[in-house]
Amino acid sequence: MVREGNGVSAADPDDLADPFIRAALLPYHPEKVSTAVCRQTLQPFWHEQLSFGDVQLSQLAEYALEVSMWDSNPPFGHDFLGAVRLGLTVASCESAEPSAATATSSWRDVKSHEEKLWQEMMRTPDQWIHGVLELRDITPHSPSALPSV
């Protein structure tokens with residue numbers, strides 16, 4: 001469940017953003033899932049459940065979950081705002097980077113509270129777990145935070 005974002009970096013000339021969340025299982029799951037775009041806001045609220053339909057709980061140990069925030073800019077593409085990876089296999093995903101995030105690796109550094117959140121989610125798959133994930137931003141601004149599941 002992706003709930004909301006706080007402290008989102010302004011990405012548009014009007015000092016706002018059109019953020020959305022994209023989630024992917026790395027390194028080799030082909031499906032990516034996304035939230036709707038929240039228009040002209042730095043405080044997006046989604047309250048959307050994202051799921052990977054063909055993945056079993058037992059398979060999750062093979063993946064890392066990448067959660068990234070993007071600013072929607074059709075038809076020009078999307079601007080990368082930040083990302084975080086969760087999972088026991090984060091180190092094995094070094095080569096699978098978001099296209100705009102190759103300038104830095106700091107957003108991949110798993111923090112202890114993120115690792116604990118992932119472990120709790122794996123231990124209690126039938127319960128909602130609330131946590132805050134700090135997305136690492138590749139710009140000089142402060143990082144974005146995404147309260148989620």
Side-chain angles (χ1 to χ4, degrees), residues 1-53 55 60 62-122 124 127-149:
M1 171 77 66
V2 176
R3 187 164 177 225
E4 63 186 295
N6 295 304
V8 174
S9 299
D12 296 335
D14 58 4
D15 290 330
L16 294 172
D18 300 313
F20 69 96
I21 296 296
R22 181 177 292 153
L25 291 173
L26 301 175
Y28 43 76
H29 193 274
E31 183 180 11
K32 293 181 182 177
V33 294
S34 300
T35 65
V37 174
C38 290
R39 299 279 176 210
Q40 298 186 328
T41 184
L42 300 180
Q43 302 293 339
F45 185 82
W46 294 281
H47 199 75
E48 291 185 40
Q49 184 174 339
L50 302 179
S51 63
F52 298 92
V55 177
L60 285 179
E62 302 171 24
Y63 297 106
L65 173 65
E66 179 181 271
V67 178
S68 55
M69 185 181 290
W70 299 82
D71 178 52
S72 178
N73 286 314
F76 307 108
H78 306 300
D79 298 322
F80 178 79
L81 297 176
V84 65
R85 285 197 182 143
L86 298 175
L88 304 177
T89 61
V90 171
S92 68
C93 300
E94 292 296 315
S95 64
E97 304 211 15
S99 58
T102 57
T104 185
S105 62
S106 65
W107 62 274
R108 290 185 306 226
D109 300 336
V110 177
K111 296 183 179 178
S112 63
H113 73 278
E114 295 165 349
E115 186 174 345
K116 289 176 185 174
L117 178 65
W118 180 258
Q119 290 171 350
E120 186 176 355
M121 290 179 349
M122 294 299 99
T124 57
Q127 297 178 25
W128 291 107
I129 306 298
H130 178 79
V132 175
L133 300 175
E134 182 182 294
L135 303 182
R136 280 36 148 216
D137 196 344
I138 62 169
T139 64
H141 320 251
S142 62
S144 301
L146 173 68
S148 67
V149 288

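Because the structure is a prediction, the values reported are computed rather than measured. For the numbers below, each heavy atom of this structure counts, side chains included, while hydrogens, waters and symmetry mates do not.
- Remark: N73 engages D71, D79 in a side-chain hydrogen bond (donor to acceptor under 3.5 Å, both in side chains) (not counting sequence neighbours).
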Please determine whether side chain to side chain contact (heavy atoms under 4.5 Å, CB included) holds for the pair E134 and V132, giving the CA-CA distance in whole Å, both sets of side-chain angles, and the decisive distance to 0.1 Å. CA-CA 7 Å; E134 182 182 294; V132 175; 5.9 Å; no
Decide yes or no on side chain to side chain contact (heavy atoms under 4.5 Å, CB included) for L117 and M121, but give the supporting numbers first. CA-CA 6 Å; L117 178 65; M121 290 179 349; 4.2 Å; yes
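- Counting heavy atoms from C-beta outward, V33 and R22 have side chains that stay 4.5 Å or more apart.
- Within the model, atoms CG of L81 and OG of S68 stand 9.5 Å from one another, a figure rounded to the nearest 0.5 Å.
- Heavy atoms only, all atoms of each residue included: P44 and L42 are closest at CD-C, 3.4 Å.
- In this structure, T35 contributes its side chain and I21 its backbone to a donor-acceptor pair below 3.5 Å.
- To the nearest 0.5 Å, the span separating NZ on K32 from CD on E66 amounts to 7.5 Å.
- Minimum heavy-atom separation, F45 to E4: CD1-CB, 3.8 Å.
- One N or O on the side chain of E48 and one on the backbone of A36 form a donor-acceptor pair closer than 3.5 Å.
- Between the side chain of S51 and the main chain of G53, no donor-acceptor pair closer than 3.5 Å is present.
- With values rounded to the nearest 0.5 angstrom, L135 atom CG is found 8.0 Å from F80 atom CZ.
- At least one side-chain heavy atom of L60 sits less than 4.5 Å from a side-chain heavy atom of L25.
- Here the NE2 atom belonging to H47 is positioned 4.0 Å from the CE atom belonging to M1, to the nearest 0.5 angstrom.
- Here the straight-line distance linking atom NE2 of H130 with atom CZ of R3 works out to 6.5 Å at 0.5 Å rounding.
- Nearest approach of N6 to Q43, heavy atoms of both residues: OD1-OE1, 2.9 Å.
- With hydrogens and angles disregarded, no donor-acceptor distance shorter than 3.5 Å links the side chain of W46 to the backbone of F20.
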So L65 and R85, side chain to side chain contact (heavy atoms under 4.5 Å, CB included) or not? Walk me through it. CA-CA 5 Å; L65 173 65; R85 285 197 182 143; over 6 Å; no
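- A pairwise comparison of heavy atoms in E114 and V84 identifies OE2-CG2, 3.5 Å as the closest pair.
- Using modelled atom types, no side-chain atom of D12 and backbone atom of D14 make a donor-acceptor pair closer than 3.5 Å.
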Can R39 and S72 be said to form a side chain to side chain contact (heavy atoms under 4.5 Å, CB included), step by step? CA-CA 9 Å; R39 299 279 176 210; S72 178; 4.0 Å; yes
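- Between W118 and Y63, the shortest heavy-atom contact is CZ2-O, 4.5 Å.
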